[in-house]
Amino acid sequence: MISVLRLKRGHDRARVHPWIFKGDVADVSDRVEPGGVVTIIDAGRRFVGRGLFNPRPALCCRILTWVDEAIDSSFWQRRLASAVAARAGRGGAVRLVWSEADALAGLVVDRYGPVAVLQTVTLGMARRRDELAAALRAIVGEVAVFCADDLTAATLEGFEPAAGWLDAAGPTSVVIEEGPTRLLVRIGGGHKTGLYLDQADNRLRVGPLGAGRAVLDVFAYTAGFACHALLAGATSAVCIESSKDALAGAIDNLALNGVAARAEVRDVNAFDELRRLDRAGERFGLIVLDPPPFARGRSALEGALRGYKEINLRAIRLLEPGGVLATFSCSHHVSADAFEGMVRDASADAGARLRLLAPLTQSADHPVLLTVPETRYLKGLLLERMG
Ligand code: SAH
């Protein structure tokens with residue numbers, strides 16, 4: 001029996017956007033299984049698409065296809081194959097599947113050499129872990145699959161979050177190559193699925209700008225930016241990070257790349273340390289500011305912008321003339337315009353003129369879907385302080 005979800009009249013956003021909220025739904029046929037497939041129809045009973053349903057969260061259905069096709073193992077294989085093909089030629093660690101942006105809403109897959117880290121975000125995807133892993137292996141060959149479900153999502157969706165090897169165990173750590181830089185990834189440890197893959201393209205681009213300069217890597221995590229800059233010939237690098245695990249990873253990566261002698265890792269709060277460096281009159285030729293999301297919700301926006309402005313103001317003051325600042329926000333709720341406005345205000349307060357070298361965004365393996373603005377979240381500016 002097919003399960004059907006009928007949309008309310010006028011709630012047609014589902015034709016272009018995969019998210020259906022409870023408020024969009026007129027009715028759902030009886031006995032639809034939580035996590036099961038539903039066929040979505042509009043108020044006039046016309047076919048809209050097919051997706052996975054969960055009666056528990058407000059976001060109750062995510063559409064997987066707008067074509068009248070079965071969601072079966074062949075479907076998963078086709079979808080995964082096109083996601084993998086879209087990343088062809090990307091070396092090192094790579095995000096193979098990025099949820100909505102790959103028409104696989106609720107699934108994230110990152111590849112670290114012989115390991116695939118699988119993250120399910122919806123009940124429907126969580127129930128299909130084995131099927132998804134089998135389809136993935138049919139495309140990329142034998143990989144060890146590590147499950148790293150998001151706790152918040154699991155609670156919201158009502159499934160048991162998986163954390164560990166799906167079946168056969170793989171290596172507990174992997175060294176990946178990101179251009180000339182080698183980075184150690186602890187499988188199942190660290191933030192995200194191990195690395196901030198969304199910053200890979202920016203690390204490759206910004207790192208070389210550190211050549212011949214003193215570098216300040218603020219919110220360094222495992223010192224990815226600093227390693228790139230030091231390998232490119234930076235004279236020194238100071239890494240600021242407050243998480244113990246990340247600091248240990250930073251020390252490992254600096255040693256792995258043979259640049260530890262020119263680097264210093266500081267276990268400090270970035271806000272305090274920026275203020276202290278400013279008071280001490282220190283100067284740097286390249287500063288990277290890559291903070292965690294300060295605005296987790298819309299209501300936190302004002303406070304977040306104050307926080308961003310504080311660190312940007314300090315960083316601008318720490319820039320030597322001709323120095324370069326790469327500043328980022330990964331808060332979805334902070335728009336590119338608001339972010340740029342904040343940096344403009346900070347530069348005015350610092351009495352500095354900044355030239356925009358380039359806008360920055362998330363790595364190409366985190367594509368943006370135009371109809372799903374939520375897929376665009378990382379924004380950055382590459383700026384040069386005028387003399
Ligand atoms: N630039 C990194 C990613 C940074 S993610 C990379 O390319 O890999 C943000 C980092 O900021 C996290 O590692 C987090 O532990 C750290 N962090 C969060 N709040 C902090 C604070 N107040 N002071 C210092 N570090 C902080």
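The structure presented is a predicted model; accordingly, all values stated were derived computationally and were not measured. Both counts, for ligands and for their atoms, begin at 1 and track the order of listing.
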- [ ] Look up atom OG1 in Thr39 and atom CZ in Phe53, then write down how far apart they are to the nearest 0.5 Å.
- [x] 12.5 Å
Open item on the list: When you compare the side chains of Tyr308 and Ser329, does any donor N or O come within less than 3.5 Å of an acceptor on the partner?
Closed with: yes
Open item on the list: Can you confirm whether the side chains of Asp198 and Ser363 place a donor and an acceptor under 3.5 Å from each other?
Closed with: no
- [ ] Take atom CZ of Arg376 as the centre, draw a 6.0 Å sphere, and report whether it contains more than 12 heavy atoms from other residues, nucleotides or ligands.
- [x] no
- [ ] Tell me, please, which residues at least two apart from His366 pass ring-ring contact (aromatic ring centres under 6.0 Å, His included).
- [x] Trp98
Task: Per-ligand residue contacts, ligand 1, heavy-atom threshold under 4.0 Å - done: His191, Tyr196, Arg203, Phe219, Ala220, Tyr221, Phe225, Glu241, Ser242, Ser243, Val268, Asn269, Ala270, Asp290, Pro292
TODO: Can you measure from CD (Gln77) to CG (Leu80) and round to the nearest 0.5 angstrom?
DONE: 8.0 Å
